[in-house]
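Structure first, then comments.
These numbers come from a predicted model, not from an experiment.
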Amino acid sequence: MKTILRDFLSSLLSENWVDASLLPITLIIITLTAILAYLFCHSVISVIVKTATRRTKSDWDDDILNERFLKAFSQLAPAIVVAYLLPDAFDNESKMYVWLTKLTEFYIVWAFVHLANQLLQNLYDAFDKRQKYKIHTLRGVFQILKLLFVCIGVIIGLSILFDKSPLAILTAAGASAAVLMLVFKDTILGLVAGVQLTANDMLKKGDWIIVPKSGANGEVTDVSLTTVKVRNWDNSVTTVPPYSLVSESFQNYKPMQDSGGRRVMRAIYIDINTISFCTPQQIIRLKENGWIEDNDNAEASHTVNIELLRRYLERYLSVSPHVRTDMIYMVRQQPPTPQGLPLELYFFVNNTEWKHYEHIQSSIFNHVYAVVKEFGLLMYQAPSGTDLKSISQ
């Protein structure tokens, strides 16, 4: 190209003007050619690729080969053109040629790293859009890959600028490893913790977790290399370092949601003074009202009212349409307390959604509170001001 340009200028200018203007004109031509190469890739090749992806049935190519990726790809064209044409413009020993070559090579490295990171970002966005893959903790993995490409790009870029081999740059970095570990401590810890969380299937986006130390209680909205974001049920957001989830305990309710059964474990406190043997009249009344069955073998001589209540409540749970009878359910006594005798209901409801769970639980215990009196029992309630006032009168 340089020879052809010199011959063309010689036909128009004197020899002195040719020597003075040859280099600037060559650089202008190279610059214009690089700009045209970028415009050609961005305006022609990109349009062809986008048209082809729109005609395919799959959405993956649309997500990966999007506008941002094609723009990053087009940014490679000028650097390749400059690297190809630059040797014709200079003497290989020229200082300007050496520096322009280094800058061009450095730009090519940056463009490749940018292109690779954009490809990874598009892949992550494509996975995140699909419900099948959205539950997996992929963001940390893609951030690790991005960080790896950036580190490789930095090492190669420094080796280009300082005329050193990449191995020499790695050796120098190894000598300052202590400083690097201090600077990137959170990143390194997050990297290790992210691998552990993913490998052991401990946490996914969308899980409901409770982290007592951090005060987090809600849904995981984001899992990155250095942070786990939890949207609490009061709509506040708590940010938790991933390594704290590995080094300390946290509670994950996702297995409970997947099981389809959510546990209820609540006790009512019976006034011990109301516990007694049943009279024949009580037995008859309870049978007439359907509170006990014939197979209860209730006899006034040895049947205790709280035992009949316990049997009734277990039958009530067994026929409730909201209780998972394929999971354990029972009514049991706990050790007596100063507030009375705890009678605990332990069962699982068949709806894990919070609002429905609370409604089902409330409906069941509304019935429990109302039926206690039918067995001649009273629930314990601490004396209030009104109670004390009535006593004083």
Side-chain angles (χ1 to χ4, degrees), residues 1-9 21-56 58-127 142-143 145-166 169:
M1 182 187 71
K2 188 175 181 180
T3 304
I4 296 173
L5 183 60
R6 176 182 286 277
D7 293 339
F8 175 75
L9 292 177
S21 60
L22 182 61
L23 180 60
I25 293 175
T26 303
L27 291 177
I28 291 173
I29 292 174
I30 292 174
T31 303
L32 292 175
T33 306
I35 294 173
L36 289 173
Y38 172 77
L39 293 176
F40 176 78
C41 287
H42 187 64
S43 303
V44 179
I45 296 179
S46 297
V47 172
I48 294 173
V49 172
K50 285 190 287 186
T51 303
T53 56
R54 281 196 296 266
R55 292 181 177 178
T56 60
S58 175
D59 293 331
W60 283 91
D61 51 359
D62 297 290
D63 295 330
I64 295 173
L65 303 177
N66 60 7
E67 181 67 28
R68 291 174 299 177
F69 177 81
L70 294 174
K71 183 177 180 181
F73 176 78
S74 300
Q75 290 171 346
L76 271 174
I80 294 173
V81 168
V82 171
Y84 178 76
L85 296 178
L86 203 60
D88 276 345
F90 292 95
D91 182 2
N92 290 347
E93 297 180 358
S94 170
K95 289 185 177 180
M96 182 177 290
Y97 170 75
V98 171
W99 277 105
L100 285 177
T101 302
K102 286 184 177 182
L103 290 176
T104 303
E105 292 174 351
F106 186 83
Y107 176 81
I108 291 174
V109 172
W110 173 85
F112 269 113
V113 171
H114 178 58
L115 181 64
N117 284 344
Q118 190 58 61
L119 176 62
L120 291 173
Q121 183 63 44
N122 289 351
L123 279 171
Y124 170 73
D125 292 340
F127 279 116
F142 280 97
Q143 285 183 326
L145 294 175
K146 283 184 179 181
L147 183 61
L148 181 62
F149 277 114
V150 170
C151 290
I152 293 173
V154 169
I155 292 171
I156 296 176
L158 291 175
S159 68
I160 292 171
L161 292 178
F162 296 106
D163 286 328
K164 302 290 184 180
S165 69
I169 301 297

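Under the side chain to side chain donor-acceptor pair (under 3.5 Å) criterion, N122 pairs with N66, R68, Q118, sequence neighbours left out. Annotation: side-chain contact (heavy atoms from CB on, under 4.5 Å) contacts of F73 (sequence neighbours excluded): L115. Residues passing the ring pair (Phe, Tyr, Trp, His ring centres under 6.0 Å) test with Y107 are W110, sequence neighbours excluded. Among residues two or more places apart in sequence or in another chain, the side-chain contact (heavy atoms from CB on, under 4.5 Å) test is passed with I156 by V109, I152, S159, I160. Considering only residues two or more places apart in sequence or on other chains, A37 meets the side-chain contact (heavy atoms from CB on, under 4.5 Å) condition with A77, V81. Residues satisfying the side-chain contact (heavy atoms from CB on, under 4.5 Å) test with I35, not counting sequence neighbours, are T31, L39. The side chain to side chain donor-acceptor pair (under 3.5 Å) test applied to K71 returns no partner, not counting sequence neighbours.
Counting all heavy atoms, side chain and backbone alike, V113 lies closest to F149 at CG2-O, 3.8 Å.
One finds the CZ atom of F40 at 11.0 Å from the CG atom of L36 (value rounded to the nearest 0.5 Å).
Evaluation of the salt bridge (charged side-chain N to carboxylate O under 4.0 Å, His left out) test over residues 73-85, restricted to residues two or more places apart or in two chains, returns none. The salt bridge (charged side-chain N to carboxylate O under 4.0 Å, His left out) contacts involving residues 104-115 comprise nothing, where partners must be two or more places apart or lie in separate chains.
The environment of F69 atom CZ is dense: over 12 non-hydrogen atoms of other residues, nucleotides or ligands sit within 6.0 angstrom.
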